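Predicted model only: the values in this text are computed from it and were never measured. We name chains A, B, ... by the order of the sequence lines, and we start the count at 1 in each one.
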2 protein chains.
Amino acid sequence: MTDIFFRYTNRFVKFTEQDKDLLVSALTLTQVPAKTELVSYNQQTDALYFLLTGCIRKYFVKDGEQITTYIMTENGFIGAFDSIVMGIPSEEIIECLEPCTLLVLKKADLDRLYQQVPLMNEFIRKVLEGVLIQFKQTLSLFILDNPEERYIKLLSQNPEILQRVPQHMLATYLGITATSLSRIRKRILEKA
Amino acid sequence: MTDIFFRYTNRFVKFTEQDKDLLVSALTLTQVPAKTELVSYNQQTDALYFLLTGCIRKYFVKDGEQITTYIMTENGFIGAFDSIVMGIPSEEIIECLEPCTLLVLKKADLDRLYQQVPLMNEFIRKVLEGVLIQFKQTLSLFILDNPEERYIKLLSQNPEILQRVPQHMLATYLGITATSLSRIRKRILEKA
DNA sequence: ACAAAACGTTTACAAAAGACAAGAAAGATC
DNA sequence: GATCTTTCTTGTCTTTTGTAAACGTTTTGT
């Protein structure tokens with residue numbers, strides 16, 4: 001099961017077998033049902049997750065409404081980074097939208113790995129580089145494109161999540177209301 | 001002049017004097033006039049910059065219009081990260097809005113430092129963690145808040161750049177037009 | 001100091017998005 | 001399979017934003 005994880009790490013650094021053993025001993029495999037909250041409101045987390053299968057979102061509650069800020073579906077790390085790094089409670093909730101298979105990495109174990117495995121800093125650095133580029137692209141999308149263009153790009157780049165995530169969550173993720181997304185979809189259909 | 005830089009690094013890791021010597025030998029101090037383009041359109045860059053004094057923005061050109069996506073004013077790294085990391089030409093232009101004092105770090109030198117200075121990976125990892133958290137906050141701002149709220153937050157969190165950056169650049173940075181920002185400012189003035 | 005360019009605001013109109021409410025459709029639960 | 005909940009769509013109205021153009025002011029360059 002950690003095969004998938006090491007296929008991922010391999011894109012960044014080549015861990016030795018010994019490194020991998022240390023990593024495996026720090027990772028815990030978990031399966032959780034849909035609607036599980038990995039991080040709850042105001043919770044201070046001490047764990048990072050690697051999503052093997054399933055679908056997860058992050059959301060805020062603003063004026064009683066849930067505003068989705070992130071959706072992910074495949075191999076990748078997820079966690080309340082600000083809470084972990086800065087040691088503060090998380091304002092964001094991390095919720096599984098489907099049954100999920102996860103690897104859990106506690107912050108204490110990660111910190112230990114930074115000491116034991118020299119490649120670990122390089123690995124996480126490269127992961128962060130990738131995440132950063134992705135975030136930058138998403139942010140540019142908001143600055144450059146209007147909601148309709150954003151929806152069309154999401155449609156072309158990630159048609160899969162449109163099937164797996166309720167539309168009202170996608171709407172807030174695009175920075176608009178569910179009503180507005182429904183109308184945008186109608187507009188697009190009428191054009192085509 | 002590198003004092004300021006090491007005051008910054010010190011927030012993340014404690015480089016030895018030997019480390020610092022290696023770093024200093026890799027860094028080049030430059031002063032450039034306003035309007036200098038550190039990275040031009042479609043240019044493949046091989047350098048990272050640390051801004052000591054001055055003000056810099058990143059922008060895209062879309063439909064003939066300049067859309068500002070990032071503004072920074074003080075100690076921090078800036079560069080076309082995607083271009084450097086992925087080795088592709090940059091679609092974003094990086095421009096100095098004021099005369100700037102910069103430290104230049106070539107990618108080749110950075111890669112060498114990763115070999116020579118073990119702390120370097122940790123340092124950049126921690127820098128990236130910080131940058132990532134900042135990006136996440138900015139992105140949340142776009143998803144959670146409307147343009148007026150975004151302007152008010154910018155006003156409260158970074159009143160300084162309102163003085164240093166033309167309004168039409170701030171407008172696109174907030175994801176709106178200059179006309180709209182002018183209206184928002186008027187609305188706020190009338191309320192108060 | 002002068003001319004040119006850049007900047008900020010305003011206006012009128014069109015397009016889009018939000019708020020609110022009512023229904024239809026789809027899914028979950030038992 | 002009937003019920004209940006969630007999700008999606010639609011309608012009406014209001015607010016906000018975009019577009020385009022005009023105008024005065026400020027800044028810049030020489």
Trainee: Search all heavy atoms of A/Tyr41 against all heavy atoms of A/Ile93 and return the closest pair with its distance.
Mentor: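 Taking every non-hydrogen atom into account, N-CG1, 3.6 Å.
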Trainee: Taking B/Gly79's backbone N and O only, do any of them form a donor-acceptor pair with B/Lys58's side chain (distance below 3.5 Å, no angle check)?
Mentor: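 A pair under 3.5 Å: yes.
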Trainee: Under 3.5 Å, which N/O atoms of the protein pair with N/O atoms of nucleotides 4-8 of chain C?
Mentor:
unit_1 : atom_1 : unit_2   : atom_2 : d
C/dC7  : OP2    : B/His168 : NE2    : 3.2
C/dG8  : OP1    : B/Gln167 : N      : 3.1
C/dG8  : OP2    : B/Gln167 : N      : 3.0
C/dG8  : OP2    : B/His168 : N      : 3.3
C/dG8  : OP2    : B/His168 : ND1    : 3.3

Trainee: Can you measure from CG (B/Leu132) to CG (A/Asp82) and round to the nearest 0.5 angstrom?
Mentor: 9.5 Å
Trainee: Has A/Lys20 got more than 12 heavy atoms of other residues, nucleotides or ligands less than 6.0 Å from its NZ?
Mentor: yes
Trainee: In this structure, how many angstroms lie between the C1' atom of D/dT6 and the CD atom of A/Gln66, rounded?
Mentor: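 Nearest whole value for this atom pair: 12 Å.
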Trainee: How bent is the helix from C/dA1-D/dT30 to C/dC30-D/dG1, comparing axes over its five end pairs at each side, to the nearest 10°?
Mentor: 70°
Trainee: So which pairs with a foot in residues 127-139 of chain B pass salt bridge (charged side-chain N to carboxylate O under 4.0 Å, His left out), sequence neighbours left out?
Mentor: A/Glu92-B/Lys136, B/Arg125-B/Glu129
Trainee: Parallel, tilted or perpendicular: which fits the ring planes of A/Phe50 and A/Phe5, with parallel below 30° and perpendicular above 60°?
Mentor: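 Perpendicular, since the angle between the ring planes exceeds 60°.
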Trainee: Could you state the CG-C1' distance from A/Leu189 to D/dT10, rounded to the nearest angstrom?
Mentor: 15 Å
Trainee: Parallel, tilted or perpendicular: which describes the rings of A/Tyr8 and A/Phe123, with under 30° parallel and over 60° perpendicular?
Mentor: perpendicular
Trainee: When the distance from NZ of A/Lys186 to C1' of D/dT7 is rounded to whole Å, what number comes out?
Mentor: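 In whole Å, D/dT7 C1' lies 17 Å from A/Lys186 NZ.
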Trainee: Distance-only, no hydrogens or angles: does the B/Gln44 side chain make a donor-acceptor pair with backbone N or O of B/Gly87 under 3.5 Å?
Mentor: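 Yes, because the side chain of B/Gln44 sits within donor-acceptor range (under 3.5 Å) of the backbone of B/Gly87.
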Trainee: Rounded to the nearest angstrom, tell me the gap between atom CD in B/Glu65 and atom C1' in D/dG18.
Mentor: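 Spelled out: CD on B/Glu65 to C1' on D/dG18 is 11 Å.
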Trainee: Can you confirm whether B/Glu37 is buried at CD, in the sense that more than 12 heavy atoms of other residues, nucleotides or ligands lie under 6.0 Å from that atom?
Mentor: yes
Trainee: Could you list the donor-acceptor pairs under 3.5 angstrom formed by side chains in residues 27-36 of chain B, with sequence neighbours left out?
Mentor:
unit_1  : atom_1 : unit_2  : atom_2 : d
B/Thr36 : OG1    : B/Pro33 : O      : 2.5

Trainee: Provide a list of protein-nucleic acid N or O atom pairs under 3.5 angstrom, restricted to nucleotides 18-21 of chain C.
Mentor:
unit_1 : atom_1 : unit_2   : atom_2 : d
C/dG18 : OP2    : A/Thr177 : N      : 3.3
C/dG18 : OP2    : A/Thr177 : OG1    : 3.1
C/dG18 : OP2    : A/Ser180 : OG     : 3.2
C/dA19 : N6     : A/Arg183 : NH2    : 3.1

Trainee: For B/Ile88, does its backbone N or O pair with a side-chain atom of B/Ser83 as donor and acceptor, under 3.5 Å?
Mentor: yes
Trainee: Which residues in residues 55-64 of chain B have a heavy atom closer than 4.0 Å to any atom of DNA chain D?
Mentor: none
Trainee: Could you give the CZ-to-C1' distance, from A/Arg150 to C/dA17, as a whole number of Å?
Mentor: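 Taking atom C1' of C/dA17 as the reference, CZ of A/Arg150 is at 11 Å.
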Trainee: Salt bridge check, A/Arg7 against A/Asp3: does any charged N sit closer than 4.0 Å to a carboxylate O?
Mentor: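 Between A/Arg7 and A/Asp3 there is no salt bridge, as every charged N stays at least 4.0 Å from the carboxylate O atoms.
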Trainee: Taking A/Glu122 first and then A/Lys126, would you say they form a salt bridge - that is, a charged N and a carboxylate O separated by under 4.0 Å?
Mentor: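 Here A/Glu122 pairs with A/Lys126 in a salt bridge, since their nearest N and O are under 4.0 Å apart.
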